[in-house]
There are 2 protein chains.
Amino acid sequence: MTETKTRRRGERLEQAILDATWAELAEVGYTALTIEAVAKRAGTSKPVIYRRWQSRAHLVVSAWVRQQPQESGTPDLGSLRADLVWLFTRVADRMAGMMSETIAGVMADAFKHPEVQTLLRDRLDSAPLTGVIRHVVDNAVARGELRPVELPRMVLRLPLDLVRAVAVFYGPPVPDEMVESMVDDVYLPLLKGLALD
Amino acid sequence: MTETKTRRRGERLEQAILDATWAELAEVGYTALTIEAVAKRAGTSKPVIYRRWQSRAHLVVSAWVRQQPQESGTPDLGSLRADLVWLFTRVADRMAGMMSETIAGVMADAFKHPEVQTLLRDRLDSAPLTGVIRHVVDNAVARGELRPVELPRMVLRLPLDLVRAVAVFYGPPVPDEMVESMVDDVYLPLLKGLALD
DNA sequence: CCTTTAAGATACGTTGCGTTTCCTATCGAA
DNA sequence: TTCGATAGGAAACGCAACGTATCTTAAAGG
């Protein structure tokens, strides 16, 4: 038998579909992604997919969630600036990796599907990133580079918003000068300004 | 004659199409906007539209450009904070007016059409908004609220990026507390931090 | 072993795409 | 005023993907 004419079910099948989705995403992007292509690539059929996900947006978000890497350790490179550059670079790289085209597409579709919007928002709000930011700032405080400062939500979400905005407008990858500008012209001055009180 | 069976050309026709586009946009949004519907509403036909614009994205950007209001005067409400709240609120309102759904949709489609991306970027980079920001800051400096400070590009684009991010993620309208948080937690501290040197 | 569940294949009607064809109103030059 | 070039309007096209319905049959479990 060259063909494993097996019929998958449950978890195995689902994972195969999500893998196929991810592969399609990488190959043709979000806008051009079709359910039919995903079905074919996964070796299954449309109804199987529609039985599990309401829409392309739902499917893609599922695939994305599974792909999410867990947070790697936080840096301590000896200076606040160095840590911030590292952090922003990391965000920019990840953004380039899973195309901003996908993000833009999903965000657009999310208007049709409130649950997707919610899911996406929660996923990005509670991002492990905020933990890293806090950690980096704490280190700077410990080093005496910065006076103790509390970080409002809006400040915590800023890195992601900024990188996303630039990536979507200029297309990835985000150039190094832009990343440095985010740090030197925005985030560092902002932290210093917050620490004034 | 109840019917003006006239056949429009050139500028008149073009304007009618753009008006129809804008109306459709307001009614069904970007994602659901179809060229056929625009053609019908404008009382013309698809080929006429395709002769002028390559895609839905091009068409919508054209319509949007025509609709762009010219900048109203800059404020001077007596304090930097008040001016900034006014400014951010204005940005948020405009964002709510021409749906963030449209922005998200166009941005997503822009990946397929580099000229659209360029057009959009230029339009938003050179936004009259940056002039207003400079003016507001100058006034604060003149009042003695702030030491003289130069504003990097990244700082100038921040208001638009921030409001857009929030509008797209939470859906419009952007709540007042969010606007105030942008001013109190981000922009004001940032300006003060920049003015430290 | 026999029942239940759902995978996989196929086909369906629908919608909007972007294009082509054809006819004729409008415009500008002669 | 006439005539030829230009371009608007209407209709139809083939195509692609949508989302659904139908049917057969493999897998899972008691």
Side-chain angles (χ1 to χ4, degrees), chain A residues 1 3-21 23-25 27-62 102 105-106 108-113 115-116, chain B residues 1 3-21 23-25 27-62 102 105-106 108-113 115-116:
Chain A
M1 306 287 165
E3 277 290 320
T4 324
K5 205 71 203 68
T6 189
R7 184 183 282 188
R8 298 153 302 174
R9 284 203 175 201
E11 186 53 36
R12 252 178 55 65
L13 176 57
E14 186 158 325
Q15 190 56 52
I17 294 171
L18 292 178
D19 287 348
T21 304
E24 279 292 311
L25 217 43
E27 216 164 87
V28 305
Y30 181 78
T31 310
L33 181 142
T34 72
I35 301 284
E36 299 195 298
V38 171
K40 173 175 277 186
R41 186 189 277 259
T44 181
S45 63
K46 286 195 291 172
V48 174
I49 294 180
Y50 279 110
R51 227 169 268 143
R52 291 160 202 268
W53 295 279
Q54 288 181 38
S55 71
R56 190 171 54 147
H58 288 84
L59 174 62
V60 167
V61 170
S62 276
T102 299
V106 173
D109 272 3
F111 283 88
K112 276 186 299 194
H113 306 285
E115 336 85 63
V116 170
Chain B
M1 306 287 166
E3 279 287 321
T4 324
K5 207 68 203 63
T6 190
R7 184 183 281 188
R8 299 154 301 176
R9 284 198 173 204
E11 186 53 37
R12 253 178 55 64
L13 177 57
E14 186 158 323
Q15 189 56 53
I17 294 172
L18 292 177
D19 287 347
T21 304
E24 280 292 311
L25 217 42
E27 216 164 88
V28 306
Y30 181 79
T31 311
L33 181 142
T34 71
I35 301 284
E36 300 197 295
V38 171
K40 173 174 277 186
R41 187 189 277 258
T44 182
S45 63
K46 286 195 290 171
V48 174
I49 294 180
Y50 279 111
R51 227 171 268 143
R52 290 158 202 268
W53 294 279
Q54 288 180 36
S55 72
R56 189 171 53 148
H58 289 83
L59 174 61
V60 167
V61 170
S62 276
T102 299
V106 173
D109 273 3
F111 284 87
K112 277 185 297 193
H113 307 284
E115 334 86 62
V116 170

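Proteins come first, then strands; the chains are lettered A, B, ... in the order of their sequence lines, and each starts at number 1. When reading the values below, keep in mind they use all heavy atoms of this one structure, side chains included, and skip hydrogens, waters and symmetry mates.
- With rounding to whole Å, B/Y50 atom OH is found 5 Å from C/dC17 atom P.
- In this structure, the CD atom of A/Q54 is 10 Å from the P atom of D/dT20, given to the nearest Å.
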What's touching nucleotides 28-30 of chain C from the protein side, N or O pairs under 3.5 Å?
none

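- A/T31 has its side chain out of reach of A/T102: every pair of non-hydrogen atoms, C-beta onward, lies at least 4.5 Å apart.
- Checking D/dG8, D/dA26, D/dC18 against the side-chain heavy atoms of A/R9 singles out D/dA26 as nearest.
- Comparing D/dA17, D/dA11, C/dA9 against the side chain of A/P47 picks out C/dA9 as the nearest.
- For the pair B/R12 CZ and C/dT26 C1', the interatomic distance rounds to 13 Å; values are reported in whole Å.
- In this structure, the side chain to side chain donor-acceptor pair (under 3.5 Å) partners of A/E27, at least two apart in sequence or on a different chain, are A/R41.
- Rounding to whole angstrom units, CD1 of residue B/I17 and C1' of D/dG9 are separated by 11 Å.
- Atom P of nucleotide C/dT5 and atom CZ of A/R8 are separated by 22 Å, given to the nearest angstrom.
- Residue B/R52 holds its CZ atom at 11.0 Å from OG of B/S62, rounded to the nearest 0.5 Å.
- Taking only side-chain atoms of B/R51, from C-beta outward, the nucleotide of C/dT19, C/dA7, D/dA7 with the closest atom is D/dA7.
- Note that CD of B/E24 and CD of B/E36 are 11.5 Å apart. Values are rounded to the nearest 0.5 Å.
- DNA chain D is contacted by both B/G43 and A/L33; B/G43 maps to the nucleotide lying nearer its 5′ end (nearest heavy atom per residue).
- Counting to the nearest Å, the P atom of C/dC17 and the CD1 atom of B/I35 are 6 Å from each other.
- Contact of the B/V116 side chain with the B/D109 side chain is not registered, since no non-hydrogen atoms from C-beta on lie closer than 4.5 Å.
- You'll find that the side chain of B/T6 is closest to C/dT26, out of C/dT26, C/dG16, C/dG18.
- Relative to the side chain of A/R7, the nucleotides D/dA10, C/dG16, D/dT25 differ in distance, and D/dT25 lies closest.
- Here the side chain of A/S45 is nearest to one of C/dA9, C/dA7, D/dG19, namely C/dA9.
- The residue A/R56 sits apart from the nucleic acid: no heavy atom pair falls under 4.0 Å.
- A 4.5 Å side-chain heavy-atom check between A/R51 and A/V48 finds at least one atom pair inside the cut-off.
- One can place NZ of B/K112 at 11 Å from P of C/dC17, the figure rounded to the nearest angstrom.
- Considering CD1 of A/I17 and CZ of A/R12, their distance stands at 11.5 Å, rounded to 0.5 Å.
- Comparing atom distances between the B/E36 side chain and each of D/dA27, C/dG8, C/dC17 picks out C/dC17 as nearest.
- When the nearest nucleotides of DNA chain D are assigned to A/K46 and B/V48 by heavy-atom distance, the more 5′-ward of the two goes with B/V48.
- Between A/T44 and C/dG8 there is a side-chain N or O to OP1 or OP2 distance below 4.0 Å.
- Separating the CG atom in B/L13 from the CD1 atom in B/I49 is a distance of 8.5 Å, to the nearest 0.5 Å.
- If you take CG of A/D109 and C1' of D/dC18, they are 13 Å apart, rounded to a whole angstrom.
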